[in-house]
There are 2 protein chains.
Amino acid sequence: MKDTTVAVYIDRLFPQFEPALKAILIENALLKDFQGGDMLMQTGQNMRSTVLIVEGMVKLYREGDDGQEFFMYYLQPGNACALSMICATRQETSEVMAKAIEQTKVLMIPIALMDKLMRDYKTWYYFVMETYRMRFEELLFVIDNIAFKAMDERLAFYLKKQSEDLNTKNLQLTHSEIAVDLNTSREVVSRLLKKMEQAGGIVMHRNYIEYRL
Amino acid sequence: MKDTTVAVYIDRLFPQFEPALKAILIENALLKDFQGGDMLMQTGQNMRSTVLIVEGMVKLYREGDDGQEFFMYYLQPGNACALSMICATRQETSEVMAKAIEQTKVLMIPIALMDKLMRDYKTWYYFVMETYRMRFEELLFVIDNIAFKAMDERLAFYLKKQSEDLNTKNLQLTHSEIAVDLNTSREVVSRLLKKMEQAGGIVMHRNYIEYRL
DNA sequence: TGATGTTGGTGACTTTTGTCACACTCGATA
DNA sequence: TATCGAGTGTGACAAAAGTCACCAACATCA
């Protein structure tokens with residue numbers, strides 16, 4: 001039954017929420033399913049709900065004028081989409097792309113609820129503020145990287161982050177995928193990866209890269 | 001007298017605030033003065049107050065490892081520093097540099113007040129949310145520019161923004177200053193400016209640039 | 001087994017950007 | 001007036017990154 005499933009997710013991922021808050025969320029949240037590759041948000045789309053990820057993994061990226069992509073960060077279970085909160089509060093348009101990279105479940109919380117939750121529930125308020133803070137800092141980090149670093153450093157940072165976020169040393173990434181995420185070309189990635197391998201930072205295999213801290 | 005000055009600023013710049021909220025701000029806000037060139041925040045510094053700009057102009061930029069600078073946006077009277085709010089709520093460290101570019105006055109609001117204001121005053125809550133939204137979008141815009149655009153487009157966008165933000169067609173900028181803000185070199189800026197002049201977008205003068213929409 | 005598609009390697013080249021060196025102009029001021 | 005420094009122009013070159021062309025390795029599947 002839907003409601004018990006939602007309750008289980010909320011208990012597991014948001015234990016800090018007050019019982020009354022949990023009850024409201026259980027009452028009003030809609031559990032939604034996405035397959036790997038599905039879009040959760042698209043540039044220009046209108047937001048109607050705040051999104052909490054409860055299972056799977058969502059990739060946030062910015063889209064360029066000519067369809068280029070630029071990876072920003074992942075959202076994992078327990079995370080909320082900061083943009084869906086911000087846009088939600090004013091019914092604005094979404095500015096980024098959000099794609100499920102695996103089977104993903106999210107809770108959709110009607111925007112109409114946001115103001116009330118913020119005012120009535122301290123834990124929700126802190127959760128939202130913390131979400132903003134984290135994403136803001138993440139964006140500042142992204143800016144640092146593209147503004148100040150050359151491609152080799154950006155690549156090293158990217159691999160490190162992938163390894164941390166996906167919690168594995170074996171990165172299932174093709175050179176082309178990396179190139180897309182960094183908005184560069186496959187050849188540049190191949191060449192830089194080779195350098196990194198010679199320096200001992202990684203070992204390359206077909207279809208995956210072994211990351212050694 | 002200090003209190004009446006603060007009251008005047010608040011009335012003029014935040015007319016939407018409830019009287020009770022204004023009263024609390026007048027009671028608790030500290031008016032602080034900065035000269036052009038003074039730093040309001042520095043990387044690594046701890047935040048103790050939320051900052052509202054009431055006079056002058058503040059330049060927000062990110063600092064690179066080797067002391068490079070990267071311009072993000074200006075804060076004007078009526079704006080709040082989103083970072084001072086976010087960091088404030090958790091007494092975290094500041095991540096950006098904020099420099100007064102002219103004689104500037106700000107209201108410092110003790111962080112201890114934030115939670116209460118957010119809960120009790122709807123107009124403050126909306127003001128804070130709107131601040132987050134605007135700065136978040138501004139950062140996304142910055143990312144777009146450096147991730148997807150070549151230097152000529154970035155320069156064009158930069159000049160446009162300067163003209164809008166500073167509300168003048170005569171931009172008092174040297175080539176070196178522009179180069180610093182865009183994290184490139186003076187020569188590149190000179191060459192691109194010349195191209196823009198030939199294309200009719202600007203007219204160059206000594207020590208200032210005439211921007212023609 | 002052979003055909004096909006995806007992935008990765010590489011050389012050659014172009015473009016963009018950064019760097020170095022130096023020259024010129026203007027304004028301030030000693 | 002002479003000099004000095006800040007701002008700007010520019011040529012030459014270097015470095016980084018993007019593009020193009022093509023080939024090789026491997027997996028899958030008919």
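Proteins come first, then strands; the chains are lettered A, B, ... in the order of their sequence lines, and each starts at number 1. From a predicted model like this one, the values you see are computed outputs, not experimental measurements.
- Atom CD in A:Gln172 sits about 11 Å away from atom P in C:dG8, given to the nearest Å.
- The pair B:Glu197-B:Arg212 does not count as a salt bridge, with every side-chain nitrogen at least 4.0 angstrom from each carboxylate oxygen.
- One atom, CG of A:Leu193, and another, C1' of C:dT7, lie 13 Å apart when rounded to the nearest Å.
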Check against side-chain hydrogen bond (donor to acceptor under 3.5 Å, both in side chains), A:Tyr126 and A:Gln16 | CA-CA 10 Å; A:Tyr126 284 130; A:Gln16 78 275 24; over 6 Å; no
Check step by step if salt bridge (charged side-chain N to carboxylate O under 4.0 Å, His left out) holds for B:Lys160 and B:Glu164.
-> CA-CA 6 Å; B:Lys160 180 158 173 275; B:Glu164 287 169 4; 3.5 Å; yes
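- As a whole-Å value, the separation of B:Lys149 NZ from C:dT17 P is 14 Å.
- Salt bridge status for A:Asp11 with A:Lys22: present, with a side-chain N to carboxylate O gap under 4.0 Å.
- Rounded to an integer number of Å, the gap from CD of B:Glu153 to P of C:dT16 is 12 Å.
- With rounding to whole Å, A:Met151 atom CE is found 13 Å from C:dT17 atom C1'.
- A:Tyr9 and A:Phe14 have their aromatic ring centers separated by at least 6.0 angstrom.
- Remark: B:Gln172 pairs with B:Asn170, B:Tyr208 by the side chain to side chain contact (heavy atoms under 4.5 Å, CB included) rule, at least two apart or across chains.
- Between B:Met151 and B:Thr184 there is a side-chain heavy-atom pair separated by less than 4.5 Å.
- Across all their heavy atoms, A:Thr123 and A:Phe17 have their closest contact at OG1-CA, 3.5 Å.
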Identify all pairs in which a protein N or O lies below 3.5 Å from an N or O of nucleotides 19-21 of chain D, and state each distance.
from: D:dT19; atom 1: O4; to: A:Arg191; atom 2: NH2; distance (Å): 3.0
from: D:dC20; atom 1: N4; to: A:Glu187; atom 2: OE2; distance (Å): 2.8

Under 3.5 Å, which protein N or O atoms sit close to an N or O of nucleotides 5-7 of chain D? Give each pair with its distance.
from: D:dA6; atom 1: N3; to: B:Arg206; atom 2: NH2; distance (Å): 3.3

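- One interatomic measurement links the two molecules: CG of B:Asp152 to P of C:dT15, which rounds to 15 Å at whole-angstrom precision.
- If you take CD of A:Gln68 and C1' of D:dA17, they are 15 Å apart, rounded to a whole angstrom.
- Rounded to whole Å, atom P of D:dG9 lies 12 Å from atom CG of B:Leu192.
- In this structure the side chain of A:Lys32 never reaches within 4.5 angstrom of the side chain of A:Leu107, judged on heavy atoms.
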